[in-house]
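Counting starts at 1 for both ligands and their atoms, in listed order.
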Amino acid sequence: MPQESTPRRESKRTVQQMVLVGVIATAAGIALGLSIHWFPPANSTQADKIDTLWDVLIIATVPIFVLVTVIVLFAVIEFRMRPGEENLDGPPIHGNTKLEVIWTAVPAILIIGMVTYAYIVLHDIEKAPAAGNPERQVAVTGQQFTWSFAYNEGGKKFTSAQLYLPVGESVKFDVRSKDVIHDFWVPDFRMKIDAVPGITTHYRITPKTNAIGNHDIVCAELCGLGHAYMRQTAHVLSKAGFQAWVTKMTRQPAATGGGGGGGAQAGTTDAKALFTQGNPDTSATACGSCHTLADAGTTGTTGPDLDKVLKGKDAAFIKQSILDPNKVIAPGYQANIMPTNFGDTLSPQQVDALVQYLSKVTNK
Ligand code: CUA
């Protein structure tokens with residue numbers, strides 16, 4: 001019976017081809033998926049577990065994608081309509097219990113497996129450090145369009161516009177918002193959570209040894225016109241470096257409180273450097289990154305051109321514009337773009353030095 005055996009042999013060969021193509025595509029897909037650097041460096045202990053989870057999901061999902069794609073492609077080629085078959089109907093099939101049990105049970109087992117593993121990872125990365133390992137708490141506040149970080153180091157409280165962390169110590173962030181929903185994210189640490197008005201959300205990370213250096217802090221929730229500018233820096237320091245920073249931050253109020261010392265500091269404040277680079281201690285945003293000022297050579301266009309809007313204005317107006325920027329909005333610009341926390345991130349001496357400088361160079 002050569003007429004019957006030929007199609008059977010052909011369909012067997014087709015299945016062999018599908019398996020071969022499927023195996024090659026799976027191997028290539030997994031190799032490609034694992035070789036691509038999807039993420040920035042993994043700088044927290046949590047990041048390692050998340051990246052491993054990602055790799056496992058690639059290994060688990062590529063074969064399924066290949067299985068579906070290969071069957072669809074082969075079916076299209078194999079069962080295509082040939083000339084003369086325009087009026088033929090397919091064979092009447094109704095149900096296949098074995099097949100239905102398989103395609104229900106296998107995905108169910110796969111999903112239960114992946115959900116269980118993901119749950120274990122989630123539980124792991126949210127776990128508090130073991131007893132005896134202290135954990136630092138940092139209060140993160142999001143507002144249009146800046147983050148601020150409140151510390152309590154041995155009873156001494158202070159706020160910083162940039163995040164500083166010691167390496168190897170767990171930190172728990174208490175995340176809040178003053179206005180709309182933001183999202184606190186340091187991609188190098190992987191963890192990410194919404195800052196929601198009215199509630200406090202949390203996550204914790206432990207910076208790894210390789211984390212020493214600077215990391216971008218990003219707002220990951222569209223929160224208004226300045227969303228893209230809501231970027232700051234997380235500085236991971238050695239434990240000694242962090243202690244030195246804490247000492248500096250906790251000493252600052254005393255220095256500014258002393259009348260004579262404060263006066264001397266104002267004399268040495270380089271207002272132009274402050275304008276172009278911000279405050280290196282609290283890393284207050286540099287004015288020049290958003291504003292044009294001919295004397296400082298900056299060309300920012302996010303905020304108004306200071307050569308124009310400050311011309312003929314007195315020192316009181318300039319000071320108000322720095323500390324309470326929403327009070328007077330230049331025509332063509334919108335409120336709530338400029339951070340309102342310069343009163344916290346600049347010392348009174350620095351504000352005065354900036355006011356003097358801007359008053360001088362815009363009223364030449
Ligand atoms: Cu805050 Cu986007």
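Under 3.5 Å, the side chains of N152 and Q137 contain no donor-acceptor pair of N or O atoms. Neither side chain, R176 nor T141, offers a donor N or O lying under 3.5 Å from an acceptor on the other.
The two residues P207 and V236 come nearest to each other via the heavy atoms CB-CG1, 3.9 Å.
Rounded to 10 degrees, the O-metal-SG angle spanning E221 and C223 at atom 2 (Cu) of ligand 1 equals 100°. Taking atom 2 (Cu) of ligand 1 as the apex, the angle formed with ND1 of H227 and SG of C219 is 120°, to the nearest 10 degrees.
The cationic group of K313 lies under 6.0 Å from the six-membered ring centre of F317 and within 45° of the ring axis, placing it in a cation-pi geometry.
The N, O or S atom of H182 with the smallest distance to atom 1 (Cu) of ligand 1 is ND1.
Atom 1 (Cu) of ligand 1 has an N, O or S atom of M230 inside 2.8 Å of it.
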